[in-house]
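Numbering of residues begins at 1 and proceeds along the displayed sequence. Indexing begins at 1, ligand by ligand and atom by atom, following the structure's order.
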Amino acid sequence: MAKTYDYLFKLLLIGDSGVGKTCILFRFSEDAFNTTFISTIGIDFKIRTIELDGKKIKLQIWDTAGQERFRTITTAYYRGAMGIMLVYDVTNEKSFDNIKNWIRNIEEHATNDVEKMILGNKCDIQDRRQVSRERGEQLAIEYNIKFMETSAKSSLNVEEAFFKLAKDIKTKTEKKLESTNQPKGGYHLKANEPPKKPSKCLFYFYFL
Ligand code: GTP
Ligand code: MG
């Protein structure tokens, strides 16, 4: 069967509960927004194929639960990620302070060269803002990580963030391919295997 894409990139969204990870992904995959908060149970994923420099890139984006009780399940997904979005909420100081802990989690559980980006979400809310854009930028500089402020509600920078992360992974992948002299477009991370979601039983087990 003919392949419908040139590259498959696995991305991961992490950050405190309620910062807007699911909404960011919903905006990117369906171009829609929901004001009702339905906290993610465990982990889920969505797919969107984008085009970059004439290449079709299939993005398999994993959306993790921010709640502490799902941490064992969600950290198991760090290893396969090629790019990670670290999300905080600009109206929630605590979620910003916790970015340092999320970075530590990445250092512990992800591969060394994973591409990272920090997102300060909900920047459409101005009256309840607790974290300035400058503080976000400063933190990103400190850790040498890319940074953007986003709004899943107004859709500001959502496309831009995913495209930027995908572009950087593509550049890195192609550099690696060149150095190992493999044919371009032939690099897939388990490309033919359907992604696996954990079974419902697993979640019941965690609730017990
Ligand atoms: P967990 O699944 O528990 O980890 O939370 P989450 O990070 O996935 O949060 P979710 O996307 O479910 O959003 C939480 C709440 O914030 C919802 O009520 C959303 O409507 C709201 N929200 C998310 N993004 C934005 C945004 O950009 N602007 C505004 N104003 N509200 C947002
Ligand atoms: Mg969620």
I need the full list of side chain to side chain donor-acceptor pair (under 3.5 Å) pairs touching residues 118-130, with sequence neighbours left out, sorted by first then second residue.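 Those involving residues 118-130 are Asp89-Lys122, Asn121-Thr150, Asp124-Ser151, Gln126-Arg129, Arg129-Glu149.
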Return the closest protein heavy atom for [atom] as residue, atom name and distance.
atom	answer
atom 22 (N) of ligand 1	Lys122 CE, 3.6 Å
atom 8 (O) of ligand 1	Thr22 OG1, 2.8 Å
atom 5 (O) of ligand 1	Gly18 N, 2.8 Å
atom 7 (O) of ligand 1	Lys21 NZ, 2.8 Å
atom 27 (O) of ligand 1	Ala152 N, 2.8 Å
atom 10 (P) of ligand 1	Gly20 CA, 3.7 Å

Proximal atoms of ligand 1 relative to [X] (non-hydrogen, under 4.0 Å):
X	result
Asp124	26 (C), 27 (O), 28 (N), 29 (C), 30 (N)
Val19	7 (O), 9 (O)
Asn34	19 (C), 20 (O)
Gly66	1 (P), 4 (O)
Thr40	1 (P), 2 (O), 3 (O)

Can you confirm, on distance only, whether ligand 1 has an N/O atom lying under 3.5 Å from any N/O atom belonging to [X]?
X	answer
Thr35	yes
Ile125	no
Phe33	no
Thr150	no
Gly15	no
Asp63	no
Gln67	no

Partner residues of Phe96 under the ring pair (Phe, Tyr, Trp, His ring centres under 6.0 Å) criterion, sequence neighbours left out: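 Ring pair (Phe, Tyr, Trp, His ring centres under 6.0 Å) list for Phe96, sorted by chain: Tyr88.
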Any side-chain heavy-atom pair of [X] and [Y] under 4.5 Å:
X	Y	answer
Ile125	Val90	no
Phe147	Ile141	no
Tyr143	Ile99	no
Phe28	Leu59	yes
Ile14	Tyr78	yes

Examine Phe33 and Met85 and state if one hydrophobic cluster contains both, with Ile, Leu, Val, Met, Phe, Trp and Tyr joined whenever side-chain heavy atoms are less than 4.5 Å apart.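 In one cluster: no.
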Among Ser151, Ser17, Cys23, whose heavy atom sits nearest atom 23 (C) of ligand 1?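 Among Ser151, Ser17, Cys23, the closest heavy atom to atom 23 (C) of ligand 1 comes from Cys23.
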Is [Y] paired with [X] through a side-chain N to carboxylate O contact shorter than 4.0 Å?
X	Y	result
Lys172	Asp168	no
Glu107	Lys116	no
Arg104	Glu108	no

Taking both backbone and side chain into account, is any N, O or S atom of Thr64 nearer than 2.8 Å to the Mg ion (ligand 2)?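 False for Thr64.
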Taking N, O or S atoms only and a limit of 2.8 Å, check whether Thr40 reaches the Mg ion (ligand 2).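 Yes, since at least one N, O or S atom of Thr40 sits under 2.8 Å from the Mg ion (ligand 2).
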Is ligand 1 under 4.0 Å from a heavy atom in the side chain of Asn121, in the backbone, in both, or in neither?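 For Asn121, the contact with ligand 1 is made by the side chain alone.
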Using atom types as modelled and distance alone, determine if a side-chain donor or acceptor of Arg48 lies under 3.5 Å from a backbone N or O of Gln60.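 Judged by distance alone, no pair lies under 3.5 Å.
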For the CG atom on Asn144, are there more than 12 heavy atoms of other groups (residues, nucleotides or ligands in this structure) within a distance under 6.0 Å?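 Result for CG/Asn144: open.
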